[in-house]
Amino acid sequence: MGSRFYQVSLIETSGTGVYFRTVTRELVDGKEELHPWMVRMLLAHGCDLGLYVGETGTIAADEDQVDADLWLAWDGVAAFATTE
């Protein structure tokens, strides 16, 4: 079994499509849930208004296996989230 990770990305749109720009990615031990980790990372990186997606999964040799995602509408202070 591979290492577990959390990743948070900013979702950006333009006339040509939707892009996911990675804000941060960390190996995790499973002690902190995705939502509080995302909020902590957004605050730590000084992220502004935007739509962000957090993912949790396992690092695999060929392709990461994403187990769950969480979408946050973030205004720099608070968030509205989908359920995990």
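The model shown is predicted, which means the values in this text are computed figures rather than measured ones.
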Looking only at heavy atoms, the pair that brings L27 and S3 closest together is CD2-CB, 3.8 Å
Side chains of W37 and E26 in contact at under 4.5 Å (non-hydrogen atoms):
yes
Value for CD (Q65) from CD (E55), rounded to nearest 0.5 Å, stands at 12.0 Å
Can you see whether R21 engages S9 through a side-chain donor-acceptor pair at a distance of less than 3.5 angstrom?
no
Please list every donor-acceptor pair under 3.5 Å in which a side-chain atom of residues 42-54 meets a protein atom from a residue at least two apart or in another chain.
residue: H45; atom: ND1; partner: M41; partner atom: O; Å: 2.9
residue: Y52; atom: OH; partner: D48; partner atom: O; Å: 3.0

Only residue of V23, L70, T24 satisfying side chain to side chain contact (heavy atoms under 4.5 Å, CB included) with M38 is L70
Does the side chain to side chain contact (heavy atoms under 4.5 Å, CB included) test come out yes or no for R4 and T56, once each step is laid out?
CA-CA 7 Å; R4 304 281 305 154; T56 181; 3.2 Å; yes
What residues, two or more places apart in sequence or in another chain, satisfy side chain to side chain contact (heavy atoms under 4.5 Å, CB included) together with R25?
F5, Q7, I59, D64
What is the distance from atom CZ of R40 to atom OH of Y6, rounded to the nearest 0.5 Å?
10.0 Å
Could you work out, with side chain to side chain contact (heavy atoms under 4.5 Å, CB included) as the rule, every residue matching S14, not counting sequence neighbours?
T16, Y19
